[in-house]
Amino acid sequence: MSALPEDDDRARLRESIDRLDERIGVLVARRDAVAAALIRRKVTAPYDPRREHEIAGDQEAFWLPLLRRVRTAEGARMPRVACKPGAFESGFTVVAGPCSVDDDLEATVGALSLLGVRWLRAGAWKPRTFPWSFQGEGLAALERLRACADRFGMRVVSEVVSETDAAAACELVDVAQVGARNAQNYALLKCLAALGRPVLLKRGPASTVEEWLGAAEYLDGRVPVTLCERGIRGFDPCLRNTLDLAGAVLARRLGGFQTIVDPSHATGVAGLVAPLVLAARAAGLDGAMVEVHARPERSRSDGDQALRLAELESLLGAMAAASPPEDRETVARQATSLG
Ligand code: PEP
Ligand code: MN
């Protein structure tokens, strides 16, 4: 059947819209890149909202809907993206340890050290859903964690839950963790930005990639930042959360931050941790945080999701056996991505 004249006309109009969209997209991407370059020039300085706005504010307000589309498409196209220096060395870092500092800490850490784990995690202040659940033993627990890590030559990642304890906690940790529940606690982020410790910033269970990267902006340029995808709220109660691997890869590409995953909190099930660690590594991410306990049944929190030491050992064995992914994204951010 031959096309009607008005169909030709419509097709021509659609084509010119497509061409215009493409040109607008290129210009917006360029504008975004220039603004990003400006943001990166931010020096270590006390937080000043007016200055932040001068640097980046106007672009967000006016261009946001279009930028979202352009950024996602750009991020998804980037084959190798570079990251800025983060909290961890380059390569794939495994951070392991119990959910909370408890009676079995020393036994767990001694065994982790024998397995070659160099980054230790454990919570001293535990943000819990119910006030009657174990809350952690605070600063005393963190001091014990530090002493234990020092005994085995390990480095410490531990959560800082409030501004009140932040300065004391930062004296004892190598990396300050901002937990999922505090992922948008801007007062805490500003406080940590001023304290100088590298930060592991978890993603909030309902944070968009944009909100997660927005939170990271409070720290970027002031302290090294590593992002941690720990599962977002899904609809299926058989899993604690849903590990958003695509969101983690996209955040890494768009923000240029080292990005790791936490499959323990993402799934809530010990048996699902290993395959997701391997998946994160294959996806070119920078590491994984896993909960491990010498005797999970005695753990004061999150025992169901804790790997046994033998399970961690076989995961580390599987990682050693698998050759590193070819397209690891560890090169320095290319200037070309700034347009
Ligand atoms: C944790 O890592 O100990 C923790 C509480 O995780 P999240 O903040 O991701 O729930
Ligand atoms: Mn936990």
Run the salt bridge (Lys or Arg N to Asp or Glu O under 4.0 Å) test on Glu106 and Arg144 for me, step by step, so that the C-alpha distance in whole Å, both residues' side-chain angles and the decisive distance to 0.1 Å come before the verdict. CA-CA 9 Å; Glu106 286 74 9; Arg144 201 171 133 219; 3.0 Å; yes
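- Under the 4.5 Å side-chain criterion, counting only non-hydrogen atoms from C-beta, Asp304 is not in contact with Val269.
- A salt bridge between Asp174 and Arg146 is present, with a side-chain N of the basic residue lying under 4.0 Å from a carboxylate O of the acidic one.
- Side-chain atoms of Thr93 do not come within 3.5 Å of backbone N or O of Phe88 as any donor-acceptor pair.
- Side-chain atoms of Arg308 do not come within 3.5 Å of backbone N or O of Leu312 as any donor-acceptor pair.
- Partners of Glu89 according to the side-chain hydrogen bond (donor to acceptor under 3.5 Å, both in side chains) rule, which considers only residues two or more places apart in sequence or in another chain, are Trp119.
- Within a 6.0 Å radius of CD in Glu297, other residues, nucleotides and ligands contribute more than 12 heavy atoms.
- Considering Asp262, Val95, Val157 in turn, Val157 is the only one that fulfils the side-chain contact (heavy atoms from CB on, under 4.5 Å) rule with Leu200.
- Under the side-chain hydrogen bond (donor to acceptor under 3.5 Å, both in side chains) criterion, Glu313 pairs with no residue at all, not counting sequence neighbours.
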Decide yes or no on salt bridge (Lys or Arg N to Asp or Glu O under 4.0 Å) for Glu229 and Lys202, but give the supporting numbers first. CA-CA 6 Å; Glu229 157 59 31; Lys202 291 227 180 170; over 6 Å; no
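- At distances below 3.5 Å, at least one donor-acceptor pair connects side-chain atoms of Arg128 with backbone N or O atoms of Phe134.
- Remark: Glu291 engages Arg121 in a salt bridge, criterion side-chain N to carboxylate O under 4.0 Å.
- With rounding to the nearest 0.5 Å, the separation of CG in Asp220 from NZ in Lys84 is 3.5 Å.
- No donor-acceptor pair closer than 3.5 Å links the side chain of Lys190 to the backbone N or O of Leu219.
- Counting only distance, with no hydrogens or angles, the side chain of Gln305 and the backbone of Asp302 share no donor-acceptor pair below 3.5 Å.
- In the hydrophobic cluster analysis, where Ile, Leu, Val, Met, Phe, Trp and Tyr join through side-chain heavy atoms closer than 4.5 angstrom, Leu112 is grouped together with Val273.
- Taken to the nearest 0.5 Å, the CZ atom of Arg300 stands 10.5 Å off from the OG atom of Ser133.
- Distance CG/Asn241 to NE2/His265: 9.5 Å, rounded to 0.5 Å.
- The pair Arg298-Asp104 meets the salt-bridge criterion, with a side-chain N (NZ, NE, NH1 or NH2) lying under 4.0 Å from an Asp/Glu carboxylate O.
- In this structure, the side chain of Asp286 does not engage the main chain of Gln258 through any donor-acceptor pair within 3.5 Å.
- Listed for the Arg281 side chain is a donor-acceptor partner under 3.5 Å among the backbone atoms of Met319.
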